[in-house]
Amino acid sequence: QRLKEGLSKTKKGITEKIDNVLKSYGKIDEELFEELEEILITSDVGVNTTMDIIDNLRQRVKSKKISDPLMVKEEIKDIIADMLQGEEEKLNIDPSPAIILVVGVNGVGKTTTIGKLANKFKKEGKSVLLAAGDTFRAAAIDQLEVWAQRVGTDIIKHSEGADPGAVIYDAINAAKSRNTDILICDTAGRLHNKKNLMNELGKVFKIVEREYPNASKEILLVVDATTGQNAIQQAKTFKEVANITGIALTKLDGTAKGGVILAVKNELNVPVKLIGVGEKMEDLQEFNAKDFANALFE
Ligand code: GDP
């Protein structure tokens, strides 16, 4: 239900338009395919991904001998569900101890996602520790601390300007000595210079490898769905510098262009593991392709 509400703008932007087009056609012809194509492209599904969907749809319509436009919707839903289906979409946190490194540029919802995740894990009975690894902004440290208090977890922090590697090092040692199940680390995501980013993240990754070799590891990239194709570009850049194991796509509730999730999935080859559908604690969900497609097309 939360998912359906969270996707309401995208439903308006994609599903309702598709419905209207399908209703206005008496038969399935090339013009109909073109109109569907247009809807998907304007919803940030991305050109390549849209082409894949429409090609697939043409084939299905042909092989199933579908002639009623109203039957097309179910086919689109299935194609999208298939497309969103990935290999393994769970966070890499078993067995414990686990460490989640959260990366992404400022403003995408990194801190919020960390807070929501911490809350979810605590509710599941796991022990959680946060690390304020974005030391470049005092606000980032303060904000994470607010979330730590709200959720009721401890936080390891240094002052602004401190070495992020030192924060992560301390946090790992604290997690070890406290037998913490899951350590969630914020990182700085300054994308203005790829080399800087690589250096900054590289140092952190090295420390994690060295200090926490046996921990389950997730490198979670947070991207903002409302930024559309920009989100794809960011993800591509981060993929070049880090071994991203999962994506959290935030603010899906804030955009009619939630179709971007298809482009993320199709063009990046990294599983979307989490989606953000609101600002509240419980508005972070594990991504499930079928549920998503159902919520979108119901
Ligand atoms: P950071 O700079 O990446 O750490 O970003 P923040 O976590 O501070 O989030 C930036 C803004 O986005 C805040 O106002 C959050 O409440 C908001 N936000 C984060 N995730 C979501 C979401 O899934 N939906 C909505 N509507 N807002 C979100």
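Indexing begins at 1, ligand by ligand and atom by atom, following the structure's order. Remember, predicted model here, so these are calculated numbers, not experimental data.
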Side-chain contact test, heavy atoms from C-beta onward, threshold under 4.5 Å: evaluate it for T112 versus W147 and give yes or no.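 Answer yes - side chains close enough.
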Flag side-chain contact, heavy atom, 4.5 Å: R60 against M71: no
Applying a 4.0 Å heavy-atom criterion (strictly less than), which segment of K116 is in contact with ligand 1: side chain, backbone, both, or neither?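 The answer is the side chain of K116.
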Take L130 and I156, measure what side chain to side chain contact (heavy atoms under 4.5 Å, CB included) needs, and give me the verdict at the end. CA-CA 6 Å; L130 303 185; I156 303 296; over 6 Å; no
Under 4.0 Å, counting heavy atoms only: does D253 come that close to any atom of ligand 1? yes
Proximity flag G254 to ligand 1, non-hydrogen atoms under 4.0 Å: no
Evaluate the side chain to side chain donor-acceptor pair (under 3.5 Å) criterion for residues K77 and N294: first the C-alpha distance (whole Å), next the side-chain angles of each, then the deciding distance (0.1 Å), finally the verdict. CA-CA 7 Å; K77 181 177 126 181; N294 282 333; 2.8 Å; yes
Criterion side chain to side chain contact (heavy atoms under 4.5 Å, CB included) on K176 and Y212, from CA distance to verdict: CA-CA 9 Å; K176 281 182 190 165; Y212 223 6; 3.8 Å; yes
Would you say NZ of K290 has more than 12 non-hydrogen atoms from neighbouring residues, nucleotides or ligands within 6.0 angstrom?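 Count not over threshold, so no.
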Does T255 use its side chain to pair, donor to acceptor, with the backbone of K257 at less than 3.5 Å?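 Judged by distance alone, yes, a pair lies under 3.5 Å.
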Would you indicate which of T112, N106, T113 comes nearest to atom 7 (O) of ligand 1 when only heavy atoms are counted?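 Ranked by closest heavy atom to atom 7 (O) of ligand 1, first place is T112.
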Ligand 1 atoms in contact with [X] (distance to a heavy atom under 4.0 Å):
{"X": "K110", "answer": "1 (P), 3 (O), 4 (O), 5 (O), 7 (O)"}
{"X": "Q143", "answer": "8 (O)"}
{"X": "G276", "answer": "23 (O)"}
{"X": "V277", "answer": "23 (O)"}
{"X": "T111", "answer": "1 (P), 4 (O), 7 (O)"}
{"X": "G107", "answer": "1 (P), 2 (O), 3 (O), 5 (O), 10 (C)"}

Which residue and non-hydrogen atom of the protein lie closest to [atom], and at what distance in Å?
{"atom": "atom 5 (O) of ligand 1", "answer": "G109 N, 3.1 Å"}
{"atom": "atom 18 (N) of ligand 1", "answer": "K251 CE, 3.9 Å"}
{"atom": "atom 22 (C) of ligand 1", "answer": "G278 O, 3.1 Å"}

Pairs of nitrogen or oxygen atoms closer than 3.5 Å, one from E279 and one from ligand 1: do any exist? yes
Under 3.5 Å between any N/O of L252 and any N/O of ligand 1: does that happen in this structure?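 Between L252 and ligand 1 (N or O atoms, distance only) the closest approach is not under 3.5 Å.
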NZ/NE/NH1/NH2 to OD/OE distance under 4.0 Å, [X] and [Y]:
{"X": "K90", "Y": "E286", "value": "yes"}
{"X": "K120", "Y": "E282", "value": "no"}
{"X": "K73", "Y": "D19", "value": "yes"}

